[in-house]
Each structure stands twice: as C-alpha cells, then as structure tokens.
Amino acid sequence: MASFASFVEISRYNLIPLSVTSLCGCPCRLLSKKTLIPTRRTPKLKLNFVFHGSKSVFRVRPASIYVNRRLITAVARAEPESIDESNAEEEVDQGTVLPTTKDSFSELQHKSSQLRKRIVFGLGIGISVGGAVLAGGWVFTVALAAAVFLGAREYFELVRSRGITAGMTPPPRYVSRVCSVICAFMPILTLLCCIVRYFGNIDISVTSAAFVVATALLMQRGNPRFAQLSSTMFGLFYCGYLPCFWVKLRCGLAAPALNTRIGAGWPFLLGGQAHWTVGLVATLISFSSIIAADTYAFLGGKAIGKTPLTNISPKKTWEGAIVGLGGCIATSVVLSKIFSWPASLVSAIAFGFLNFFGSVFGDLTESMIKRDAGVKDSGSLIPGHGGILDRVDSYIFTGALAYSFVKILLPLYGV
C-alpha cells in the first residue's frame, strides 16, 4: 500500500490528520493492505482499527486511553489549531500542551542574535562618535559628512520606493545622487565658515544648491512634477542643512568652558584647558541627553506603556514619552553639574527639554517617511540597528534647537 491515511479520535475531538510514527512513537511497517503491525510494543495505548473500503481509520477508545505528553504534543504539532488547550488539559494527566516548534526556537535564536549584534555595534558606534566629538574640528566634520552622505542616499531610496511612488513621481536617480553629494559637502562648508567666523556663507551655499537642483528638475525631459521638487528640496533641508548645526555647535562655539573641572586636568598634548569649549560641553550633554531619552522612553514604554502616542508609530506611548522626558532632563541636569555648564539649573532643565523635543520630533518624522515607504528600516547598513537614518533620526532636528538655545538664549553662552 503506497500511502496509509490515518486519523485519531480523542474523546470529543474531531478527526485530525496524524502520522502513524507520531502516534506510536516508533516506526511501523506495512505487511499488507489491511494489516498494520508496529515493530515495537507501545504500552498504555489501545487502538481499534476499522476499515471502510480503501480507507483505514484509527479509533481510540476514550475509556481505555492513557495519553501522555508525547501524544498530545504530536497531535498539536500535526494540527496546532485543532486542539484547544483547555480541552487538552482535561485529557492530560501530567502536564499541558507543549506547542514549542522548530520555528519558534529559530525565531528565539534570531532575536538573541539580533540583540547581541545590536549591543556590539551600538557600543562600537557610541565609542567612535564619542571620540569624534572629543576630537572636534575636521575629524568630527568629516565623520558627520560621511554619515550625512549615507543618510541622504537612504532618504532618496525611500522616496523612490514603491510605497511613496504609488502616490507621486520621484525625482530622477541622477538628481538623487547629486543631492546626496551636495548634502555631504554642506558640513564641510559649514566648518570653513566657522573658521573664518562668517556663518552666512552656508546659507548662501544651500540656497544656491537648491536653485541649481530646482532648475535641473524643471528643465528635465518629460513632464516635471511638483512632487519631485518638494521631495528633493526637503531632502536637501532634512539630510544636508539641519545636520550642519552640529558643526556650528561643536566647532563654532569656541568660547572656553572656564568652570569645567575636567578641562583643568586635560593633557596639554590634547589641547589642555582650551580644548574644553562651550561647544564641546554642549555637544556632549546634548548627545547624552538624546541617548537617555531614547533609552528611558523604550524602557518606560515596555514596562507601563498603554496609551499610543500617535498613529505614525503605534509602538510609542505617552507613558514611555513621559519617562523619556524625565530621563532626558535628569541626564542634562546631572551632566551640567559634572561639567559646571550651564551655570543655571533652569537653563539645564530647559536644555534637556529641548533635546527631548527635538529627538521625538526627528524620530516621528523619519517614522512617517518609512511608513509611507512601507518599510520597517531605512536600510541594512548597521547589523541589528537598520540604516543610518534609523540611528541618527533623533539628532537631525536637535542640533538646530541646541545651537539656537546656546547661541541666542543663554547669556554669555551659559558660562
């Protein structure tokens, strides 16, 4: 007999497809069309064989059944949706249904691997970014320009994705590539402007670049679309102009942080006391506050999050946002005491609040772009983290807020 269709009936359950090997716990061999002899005796299980023409059916007598975990587990694996756990518990003497499968085990292994990658690469990125911030100057600017270039490439790939192009016409690919290069040069131009102490040049450069790109779009073959122009202009602003404020903050605010105790013991070969400027201290506090905001918001949302914050990102909750705000402000206040900047407690609290607001706004903006694009991550460059935009979205708008706060609102730069 080439195939043997078998069914098992357990009390009031419906007939469920089940293999003979899974039922008996041992391999069986067929001697004839109507004879089935197990090669090994199976205790505690009485089966009646009923033959209806060419069909063979197992029937298990409810009165004489002694079912152990192996049988119920085998049935659950054969047809996991056909057995109710509450009913199965009535038939099992020593335990409940064990629905563990290879798929769930492999999924658990995948999550564990992703967590390890996330931690390892997160620590590596944190140490690298911290070193670039401490170095400042060209090291910080070139590192930022590289991140801006990769982020701009991801942004224009998202704009060209199917989810967004279904409702608009994306810009041509050559325009996307040119815009990515322009965005990468903006931080470098900003540093040059900081060196000559003239901040207006970067605004002129950005305006000129936008004009050239807009002209190229309007003069292209075919029918130019407003969606092409708007998505491209926003890309220049979002990926290029906004990150430049971090260069203005770190390298432009060169006033010494005179009250910082760490600067007094800083090695002379690394710049000595003069290396610790207002820009360096403000950048360190801002970066640390953003990391604290993201971390505390995630932990708070996991622990007590119930109320959705917005439909853009359903996993974010008001409870998590409140916890993140508290963690961000606390971090800003603690670091202000360590670095002795800013001198006022109110200024430190306000600085923490602005960092939190900028990080949430940037996170939600990138989530909106990904939602329209129909993707979970902006890319796959960083294992366990996604793309560059997934890691820097909280920093994009924060730099402008932090720089404006220190430059305009703090008297004497908060010293």
Side-chain angles (χ1 to χ4, degrees), residues 137-138 140-160 164 168-254 279 283 354 358 361-362 365-366 368-369 388-389 392-393 395-409:
W138 285 104
F140 176 77
T141 305
V142 171
L144 180 63
V148 165
F149 176 75
L150 296 175
R153 290 294 302 271
E154 290 181 355
Y155 166 80
F156 284 105
E157 286 299 323
L158 290 176
V159 170
R160 296 182 60 85
I164 294 181
M168 59 164 280
T169 303
R173 189 172 295 276
Y174 75 91
V175 173
S176 301
R177 293 173 179 174
V178 170
C179 288
S180 299
V181 175
I182 292 176
C183 290
F185 273 104
M186 287 185 185
I188 298 175
L189 292 176
T190 304
L191 179 62
L192 294 176
C193 296
C194 293
I195 293 175
V196 298
R197 294 293 187 272
Y198 180 64
F199 290 95
N201 286 340
I202 182 61
D203 299 328
I204 297 175
S205 301
V206 171
T207 305
S208 301
F211 177 77
V212 172
V213 172
T215 303
L217 287 173
L218 293 174
M219 299 300 293
Q220 66 175 316
R221 294 180 179 179
N223 296 322
R225 301 292 184 181
F226 176 74
Q228 296 176 323
L229 183 63
S230 59
S231 60
T232 304
M233 294 299 105
F234 181 77
L236 291 174
F237 172 77
Y238 181 72
C239 300
Y241 181 69
L242 288 177
C244 292
F245 282 94
W246 286 112
V247 179
K248 292 184 178 182
L249 179 66
R250 173 61 184 92
C251 306
L253 301 180
T283 304
L354 283 178
F361 188 78
T365 300
E366 200 242 353
M368 180 178 61
I369 297 173
I388 286 289
L389 285 181
V392 304
D393 54 359
Y395 299 82
I396 293 177
F397 289 94
T398 313
L401 294 176
Y403 174 77
S404 302
F405 178 78
V406 178
K407 179 74 174 178
I408 300 173
L409 299 180

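Bear in mind the structure is a predicted one, so any value in this text is a computation, not a measurement. If you read the sequence from its start, that first residue is 1, and numbering goes on from there.
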Minimal heavy-atom distance between G240 and M186, with the atoms involved, is C-SD, 3.3 Å

Review point. Taking side chain as C-beta onward, heavy atoms only, is P171 less than 4.5 Å from L229?
Key: no

Worked check of side chain to side chain contact (heavy atoms under 4.5 Å, CB included) between V206 and L236: CA-CA 8 Å; V206 171; L236 291 174; 5.8 Å; no

Residue pairs passing the ring-ring contact (aromatic ring centres under 6.0 Å, His included) test with at least one member in residues 213-236, sequence neighbours excluded, are F234-Y238

Could you tell me whether the side chain of I408 reaches within less than 4.5 Å of the side chain of Y403, counting heavy atoms only?
-> no

Hits for side-chain contact (heavy atoms from CB on, under 4.5 Å) against A209, two or more places apart or cross-chain, chain-then-number order -> I182

CG (L409) and CG (L354) are apart, to the nearest 0.5 Å, by 8.0 Å

To the nearest 0.5 Å, atom OG1 of T190 lies from atom CH2 of W246 at 14.0 Å

Nearest heavy-atom approach of C183 to P187 is O-CD, 3.2 Å

Distance-only check: which donor-acceptor pairs under 3.5 Å involve side-chain atoms of residues 141-157, not counting sequence neighbours?
from, atom 1, to, atom 2, distance (Å)
T141, OG1, G137, O, 2.8
E154, OE1, S378, OG, 3.0
E154, OE1, I388, N, 3.1
E154, OE1, L389, N, 3.0
E154, OE2, I388, N, 2.9
Y155, OH, S231, O, 2.8
E157, OE2, R173, NH1, 3.3

Rounding to 0.5 Å, atoms CD1 (I195) and CG (L191) come to a distance of 4.0 Å

Smallest heavy-atom separation, C194 atom then K248 atom, equals SG-CA, 4.2 Å

F245 and T398: CA distance, side-chain angles, deciding distance, side chain to side chain contact (heavy atoms under 4.5 Å, CB included) verdict: CA-CA 9 Å; F245 282 94; T398 313; over 6 Å; no

Heavy-atom side-chain proximity of F405 to L401 below 4.5 angstrom: no

V213 and M233 have their tightest heavy-atom pair at CG1-CE, 3.9 Å

Donor-acceptor contact present, side-chain S230 to main-chain A227, <3.5 Å
yes

What one should report as the nearest heavy-atom pair of T232 and Q228 is OG1-O, 2.7 Å

